[in-house]
Colleague: 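Sharing a structure, written as structure tokens. Questions coming.
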Protein chains: 2
Amino acid sequence: MSTISEAIFYSEANQNRFIDELIDLLRIPSISTDPAYKKQVAQAADWLVNHLKSLGVTNAKAIHTDGHPVVVGGIEVDPNYPTVLVYGHYDVQPPDPLDLWISPPFDPAIKGGILYARGACDDKGQLFMHLKAVECWMKTSGHPPINLKFILEGEEESGSASLPGFIHKNKDLLAADVVVISDSSLFAPGVPSITYGLRGMTYMEITLTGPDRDLHSGTYGGAIHNPINALAALIAEMHDADHRITIDGFYDRVRPLSRREQITMTVLPFDADAWVREVGVHLPIMESGYSVLEASTSRPTLDCNGIWGGYIGDGAKTVLPSQASAKISMRLVPDQDPSEIAELTEVWLRRRVPKSMQLQCKVLHGAQPVLIDTESNAMEAATRALRDVYDCSPYFTRIGGSIPVVADFKHILGLDSVLMGFGLDSDAIHSPNEHFGLDRFAEGIEAILRFHAHYAGTGSVKA
Amino acid sequence: MSTISEAIFYSEANQNRFIDELIDLLRIPSISTDPAYKKQVAQAADWLVNHLKSLGVTNAKAIHTDGHPVVVGGIEVDPNYPTVLVYGHYDVQPPDPLDLWISPPFDPAIKGGILYARGACDDKGQLFMHLKAVECWMKTSGHPPINLKFILEGEEESGSASLPGFIHKNKDLLAADVVVISDSSLFAPGVPSITYGLRGMTYMEITLTGPDRDLHSGTYGGAIHNPINALAALIAEMHDADHRITIDGFYDRVRPLSRREQITMTVLPFDADAWVREVGVHLPIMESGYSVLEASTSRPTLDCNGIWGGYIGDGAKTVLPSQASAKISMRLVPDQDPSEIAELTEVWLRRRVPKSMQLQCKVLHGAQPVLIDTESNAMEAATRALRDVYDCSPYFTRIGGSIPVVADFKHILGLDSVLMGFGLDSDAIHSPNEHFGLDRFAEGIEAILRFHAHYAGTGSVKA
């Protein structure tokens, strides 16, 4: 048997124990958003440290941050080998509403080959595949065919506040050739994909103030400008009739889709009608000239995420309010810059604010958009690994959301990430009855092993 | 001494006792909005019944309604005399915030000739002037020179829900020639005014629903229409660049200001700059071609009174919301009709709602606008009475707010109202430290006596 075949055989032979160990980890309610579970988050970090040590990652440790600990550790096989940095997160979403779970969220249950638990897919189940891949190598070849490092955080579900600072402070510790992340989904069951494009974000909160207090709409209505009406007019003007964003300079740095990307968009097995119907909408509305898939993944957006002002209780109150506010976020695409877009937006707003109003403008959040080179060695290795496992080449996809850590690895460490996920959109992550198919757990370990082998240049022998 | 002089002399001679009696009434916390004070509201009604009886209004009684009681009663002197129906309300606003009162709201205090108490001006103090005018006639001439009826409600501060039904059911009981109401203000200290124009209202709540649940703005943003953005666009389109309302047919029934009304608007002692500055605004914004006073009293408006949708907590949440809602009220002027305006608005909205959205439209409230003939006998009598007291003719004014009861008297009983108030805008009604000048209490009684005399045709002899 070749080295890779032995490792895969070992994985298959030990699946039941692997699942038992994962269940042990899933029992720890490591809910990072809720301070009441701080201890349990630390407990999950310690569990991982001990498990990594038991696999032979002897330098594994949990490093304290202002938030939850970061688990690090690595195996240096040979300084001439390429180094893969594995990122994952061991914290989970809150399990509410509890009464909708068919089995308790922290008492994992297997039904029909599917493992139900909070974190089964997002991301304990997926990060654990990388740990088990280490074991497979250690127990067969004695070591992986590459160098491996781990960075496992406990704050992903609460915004990863400590992570950028941690990466900045630990550049040497984290030095690598590429990052691998399994925290995403297959394009469809049995259809692998690698995400190479992520949108960034500028998130702002704006407030218009008219009169210095709420006024009686009978006494003042007609002569005092209403901040809700004025805010609505500003928001309305932010899009034109073609659903393009009207902020001056907004599109200047948008990199157009390449011919190849455009073609991929048309061949991806994506049913736009079904996608729209599934959220209860009659038809999609998007920027003229783009498809649903293009508009939702590869074009910038401007959405009001929240709006409030005046009287919002039951019944009729005739108030002419002093203030109205909105949260407005823009999803950005390469090469837009979040800070520049925030500035352009504020300049645009200030030019249009009525003289009768004051504008307050706050930037709440920014994230860089990301495009990853799809022709790197690592991408090639991942492509071959997934093709080996699924008997079809993975699609390269762009997604509409942001994964801030990918941008952080790029901008702080200069590292590209390979986003190789084994979830499914139907896995109910963040919802009751989160689950993960045991078949995908096994496939994931195999794909990771094959990726290691291909990336090391030793994976060409098929098992 | 003439009859009217005797009555006025009696009033002056008994002022201290009158005030003591009013203080007795003001001690009752008849807060109609708060169910905890239901008993005290009934207690105030009983107090008035007993007081009316003690004045010789022997048929006075409190009539039960679904809400608080209505106090009625009257004196028929001669069926050939004209009959005046006096409207007032004996309920008061809640006194909060209590810590801002310089003396307790229900423990009346006199300081520098000013009576401080909740209800001192609005409206116990003003309705009590009408009761004391009855006493002045009874104790001097033996009866008023006209027939008098009273309708004193206990729900004005909580929306007068029972009153229209009560008026409908008691048309005979309330039959009269004119209504007199003292529940408003002088134009300025020493400057009397009679309000002859009130705006009406159509109050609607609209909701736009896009997707059937809140969506992730990364996954869906760009291809699923956002209901907040769509609602903002609708609201923005409701006004044009001249601040005119764009709803088709909205202005069709608006009666233009007469030449005489336009002239009055320019001579009224109204400082538009100060009025705007006082609410902390740099400049007024109104319909092109109208002054601040015209726009705020005599032109229709459209104001958002409230708006809400999406995430409105602290920080950034990237939600593409399912719904967005707004409360929108339109102040109407004669001869606009609230139901017709609601229909026109809904038709206008339905034509513009994006196909990707559902619109819900609810009418929460409607009130007819009112214009009262300023050349009636009653208006003439009120004009002469105020001129007698203040040595200057009252201004005829239109106000921007609504007084629904005036429209009810007009539409149910066919009666015009004479709005002859003695408050001042600075009396802090609805606020801590509500007060009423004792000088105005005395002037009010004199003006009411003189009105009775002029209306009876016997008031031409000056005291």
Colleague: For A/Leu198, is it the side chain, the backbone, both, or neither that has a heavy atom closer than 4.5 Å to a heavy atom of chain B?
Modeller: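 A/Leu198 has no heavy atom closer than 4.5 Å to chain B.
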
Colleague: Report the option among B/Cys304, B/Ala233, B/Pro284, B/Pro300 that has the most heavy-atom pairs separated by less than 4.5 Å from atoms of chain A.
Modeller: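 Result: the option with the highest number of such pairs is B/Cys304.
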
Colleague: Answer yes or no: is there a side-chain heavy-atom contact under 4.5 Å between B/Ile224 and A/Trp275?
Modeller: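 They are in contact (side-chain heavy atoms under 4.5 Å apart), so the answer is yes.
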
Colleague: Do you know which two heavy atoms are closest between B/Gly221 and A/Arg199, and how far apart they sit?
Modeller: O-NH2, 2.8 Å

Colleague: Between B/Tyr203 (side chain only) and A/Lys317 (backbone N and O only), is there a donor and an acceptor less than 3.5 Å apart?
Modeller: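 It does hold such a pair.
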
Colleague: For the CD1 atom of A/Ile235 and the CD1 atom of B/Ile235, what is their distance to the nearest 0.5 Å?
Modeller: 8.5 Å

Colleague: Relative to chain B, which of A/His216, A/Lys355, A/Arg213, A/Glu205 shows the most heavy atom pairs under 4.5 Å?
Modeller: A/Arg213

Colleague: Any sub-3.5 Å donor-acceptor pair from B/Tyr290's side-chain atoms to A/Gly222's backbone N or O?
Modeller: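 Side chain of B/Tyr290 to backbone of A/Gly222: no pair is present.
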
Colleague: Let's test your reading of the structure: which of B/Ser322, B/Gly315, B/Ala324, B/Gly210 forms the most heavy-atom pairs below 4.5 Å with chain A?
Modeller: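 Between B/Ser322, B/Gly315, B/Ala324, B/Gly210, the count favours B/Gly315.
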
Colleague: Report the distance from atom CG of A/Asp303 to atom OG of B/Ser217, rounding to the nearest 0.5 Å.
Modeller: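 So the gap between those two atoms works out to 6.0 Å.
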
Colleague: Got a sec: does the CG of B/Asp240 have more than 12 other heavy atoms crowding it under 6.0 Å?
Modeller: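 Correct, the count exceeds 12.
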
Colleague: Decide side chain to side chain contact (heavy atoms under 4.5 Å, CB included) for A/Met286 and B/His225; before the verdict, give the C-alpha distance in whole Å, the side-chain angles of both, and the deciding distance to 0.1 Å.
Modeller: CA-CA 8 Å; A/Met286 59 244 161; B/His225 206 174; over 6 Å; no

Colleague: At a 4.5 Å cut-off on heavy atoms, which part of B/Arg331 comes close to chain A: side chain, backbone, both, or neither?
Modeller: side chain

Colleague: Do A/Gln358 and B/His282 make a side-chain contact, defined as non-hydrogen atoms from C-beta onward lying under 4.5 Å apart?
Modeller: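 Counting from C-beta outward, A/Gln358 and B/His282 do come under 4.5 Å.
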
Colleague: Please determine, among A/Gly280, A/Gly309, A/Gly400, A/Pro211, the option with the most heavy-atom pairs under 4.5 Å with chain B.
Modeller: A/Gly309

Colleague: For chain A, which of B/Ala316, B/Gly310, B/Ala230 has the most heavy-atom pairs under 4.5 Å?
Modeller: B/Ala316

Colleague: Contact part of B/Asp314 toward chain A, heavy-atom cut-off under 4.5 Å: side chain, backbone, both or neither?
Modeller: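 Interface part for B/Asp314: backbone (N, CA, C, O).
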
Colleague: For B/Ile285, is it the side chain, the backbone, both, or neither that has a heavy atom closer than 4.5 Å to a heavy atom of chain A?
Modeller: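 Contact with chain A: backbone and side chain both.
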
Colleague: Taking side chain as everything from C-beta outward and backbone as N, CA, C, O, which of these in B/Met204 sits under 4.5 Å from a heavy atom of chain A? Side chain, backbone, both or neither.
Modeller: neither

Colleague: Look up atom OG in B/Ser356 and atom CG in A/Leu283, then write down how far apart they are to the nearest 0.5 Å.
Modeller: 5.5 Å

Colleague: Nearest 0.5 Å, please: how far is CD1 in A/Ile307 from CG in B/Leu231?
Modeller: 7.0 Å

Colleague: Sort out for me which of A/Ile228, A/Asp214, A/Thr301 touches chain B most, counting heavy-atom pairs under 4.5 Å.
Modeller: A/Ile228

Colleague: Minimum heavy-atom separation for A/Asp212 to B/Glu278, with atom names?
Modeller: OD2-O, 4.4 Å

Colleague: With rounding to the nearest 0.5 angstrom, report the CG to CG distance, A/Asn226 to B/Asn305.
Modeller: 7.5 Å

Colleague: Using non-hydrogen atoms and a 4.5 Å limit, figure out which bit of A/Met238 sits close to chain B: side chain, backbone, both or neither.
Modeller: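 For A/Met238, neither part sits under 4.5 Å from chain B.
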
Colleague: Under a 3.5 Å distance rule, please check whether A/Lys327 uses its side chain to pair with a backbone N or O of B/Thr318 as donor and acceptor.
Modeller: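 The answer is no, because no donor-acceptor pair under 3.5 Å joins these two groups.
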
Colleague: Quick one: OG on B/Ser296 to CG on A/Leu215, what's the gap to the nearest 0.5 Å?
Modeller: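 These two atoms lie 11.5 Å from each other.
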
Colleague: Taking side chain as C-beta onward, heavy atoms only, is A/Asn229 less than 4.5 Å from B/His239?
Modeller: yes

